[in-house]
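This report concerns only the one structure given below.
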Amino acid sequence: MSEPRTITDPADPRLADYTGLTDVELRRRREPAEGLFIAEGEKVVRRALAAGYRMRSMLLTPKWLDVMSDVIEAAEAPVHVVEPGLAEAVTGYHVHRGALASMERKPLPEAAELLADARRVAVLEGLVDHTNLGAIFRSAAALGMDAVLLSPDCADPLYRRAVKVSMGAVFAVPYARLDPWPAALDTVRAAGFQLLALTPAESAADLAEVAPHRMPKAALMLGAEGDGLTRRALDVADRWVRIPMAHGVDSLNVGAAAAVAFYAVSATP
């Protein structure tokens, strides 16, 4: 058991992992380089631990000591207790969930390793919005996708906002980077997958008519909000597919489109 220690100085070096959590550019550079990420909220912290991530430290406000007592009892890492005002001074925002943990990252697997036993995967290009990325991971976990593959310029799935929006689903779905892009898509095709590019283009086939749930292996390609997949990615795809729209709506938010497509590809034949 780690004995909780109260900290009253926002400049205390023991709080270094939690400084400037709202500074996206700073955290984007710092967290992967230092091999850490931040889990926010009781459920997310518990899910990170259950997924086998090692805790570096935990930051709690006093009222969360009882709620997290079992986690504290099992923890080997230091547990820091701070008042809400000090937590806000350190992190840069009001920590209303009251429980944060700094966790150690795991080495990312190679894409070929994930593809070996997979049948349904998502391939994301240029997803830089952490909210959309977190939502897609949550849908991927809920709808039975086997893995998520990311282009090199996609956002970090372990960034605090993405983890929070996914409700910890980023810990449940394995992911890897595809680099170089889009040449590394050949790795997906070589593993037996059909590459299905989601696009609102009128020339694309109706997703239901393509019947991806009947394919032995299917990889659903999704692009960034607004721009969609780049021409280079579309040219590599085996087929273009679209979700039919009504009432003059031209497309869905990428998170919503992903959920629809994941259901379509995962439904029992």
Side-chain angles (χ1 to χ4, degrees), residues 1-106 128-139 141-142 155-173 255:
M1 176 179 177
S2 181
E3 185 68 28
R5 304 288 185 184
T6 298
I7 296 179
T8 58
D9 181 3
D12 192 304
R14 291 174 291 179
L15 302 180
D17 283 1
Y18 305 95
T19 56
L21 294 186
T22 57
D23 188 332
V24 178
E25 288 304 319
L26 171 65
R27 302 304 299 197
R28 185 181 294 163
R29 293 192 306 270
R30 180 184 169 196
E31 290 185 9
E34 296 184 18
L36 67 92
F37 70 92
I38 300 298
E40 179 182 3
E42 177 197 358
K43 288 185 175 63
V44 173
V45 171
R46 292 182 184 277
R47 287 172 182 171
L49 291 169
Y53 288 92
R54 183 177 178 274
M55 184 187 293
R56 290 163 57 108
S57 68
M58 188 156 53
L59 180 69
L60 302 174
T61 54
K63 72 174 185 178
W64 285 87
L65 286 170
D66 287 342
V67 176
M68 303 296 287
S69 60
D70 59 320
V71 177
I72 295 170
E73 185 173 351
E76 297 180 0
V79 177
H80 310 311
V81 182
V82 299
E83 291 299 324
L86 189 141
E88 183 171 353
V90 171
T91 63
Y93 70 104
H94 176 58
V95 187
H96 67 280
R97 292 178 182 267
L100 296 171
S102 175
M103 313 294 295
E104 288 189 1
R105 291 174 181 253
K106 299 177 183 179
V128 296
D129 184 281
H130 294 99
T131 298
N132 284 334
L133 191 64
I136 289 172
F137 265 89
R138 188 172 185 181
S139 294
D156 178 11
L158 293 183
Y159 179 71
R160 179 180 61 88
R161 180 64 179 168
V163 174
K164 180 179 178 181
V165 171
S166 79
M167 290 298 293
V170 293
F171 310 135
V173 183

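In this structure, the separation between CZ on Arg47 and CD on Glu42 is 10.0 Å, given to the nearest 0.5 Å. Between atom OG1 of residue Thr91 and atom CD1 of residue Ile38 there is a gap of 10.0 Å, rounded to the nearest 0.5 Å. The structure places OG of Ser102 at 9.5 Å from CG of Leu21, a figure rounded to the nearest 0.5 Å. Distance CG/Leu36 to CG/Leu158: 10.0 Å, rounded to 0.5 Å. The distance from the CG atom of Leu65 to the CE atom of Met58 is 8.5 Å, given to the nearest 0.5 Å. With values rounded to the nearest 0.5 angstrom, Leu133 atom CG is found 12.0 Å from Arg161 atom CZ.
Taking the six-membered ring where the residue is Trp, Tyr18 and His80 present perpendicular rings, their angle passing 60° and hence far from 30°. The aromatic rings of Tyr53 and Phe37 sit perpendicular to each other, their planes meeting at more than 60°, with 30° as the lower class boundary.
Residue-environment remark: CG (Asp70) exceeds the threshold of 12 foreign heavy atoms within 6.0 Å. Residue Lys106 places its NZ atom among more than 12 non-hydrogen atoms of other residues, nucleotides or ligands, all under 6.0 Å distant.
Taking each heavy atom of Gly92 and Thr22 in turn, the nearest pair found is O-CG2, 3.8 Å. The shortest non-hydrogen separation linking Gly35 to Arg56 is O-NH1, 4.5 Å. Nearest heavy atoms, Pro157 versus Ala162: O-CB, 3.5 Å. The two residues Ile7 and Val82 have their closest heavy-atom pair at O-CG1, 3.7 Å. The nearest pair of heavy atoms linking Val173 to Phe137 is O-CE2, 3.9 Å.
Within the cation-pi definition used here (under 6.0 Å to the ring centroid, within 45° of the axis), Arg160 qualifies as a partner of Tyr93.
Remark: Arg105 engages Asp156 in a salt bridge, criterion side-chain N to carboxylate O under 4.0 Å. A salt bridge links Arg30 with Asp17: at least one charged nitrogen is closer than 4.0 Å to a carboxylate oxygen.
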Worksheet item: Please walk me through it: do Glu40 and Val44 pass side-chain contact (heavy atoms from CB on, under 4.5 Å)?
Response: CA-CA 6 Å; Glu40 179 182 3; Val44 173; 5.7 Å; no
### Query
Where do Val45 and Met68 land on the side-chain contact (heavy atoms from CB on, under 4.5 Å) test, with the steps shown first?
CA-CA 10 Å; Val45 171; Met68 303 296 287; 4.0 Å; yes
task = Evaluate the criterion side-chain contact (heavy atoms from CB on, under 4.5 Å) for residue pair Leu49 and Met55; output intermediate values, then yes/no.
result = CA-CA 7 Å; Leu49 291 169; Met55 184 187 293; 3.9 Å; yes
Open item on the list: Under the criterion side-chain contact (heavy atoms from CB on, under 4.5 Å), I'd like the reasoning laid out for Thr6 against Glu83: C-alpha separation, chi angles, the key distance, then a yes or no.
Closed with: CA-CA 9 Å; Thr6 298; Glu83 291 299 324; over 6 Å; no
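Between the Thr19 side chain and the Ala16 main chain, a donor and an acceptor come within less than 3.5 Å of each other.
Side-chain contact check for Arg46 versus Val71: some heavy-atom pair is nearer than 4.5 Å. The closest side-chain heavy-atom distance from Leu86 to Leu15 is below 4.5 Å. Contact check for Val81 versus Trp64: no side-chain heavy atoms found under the 4.5 Å cut-off.
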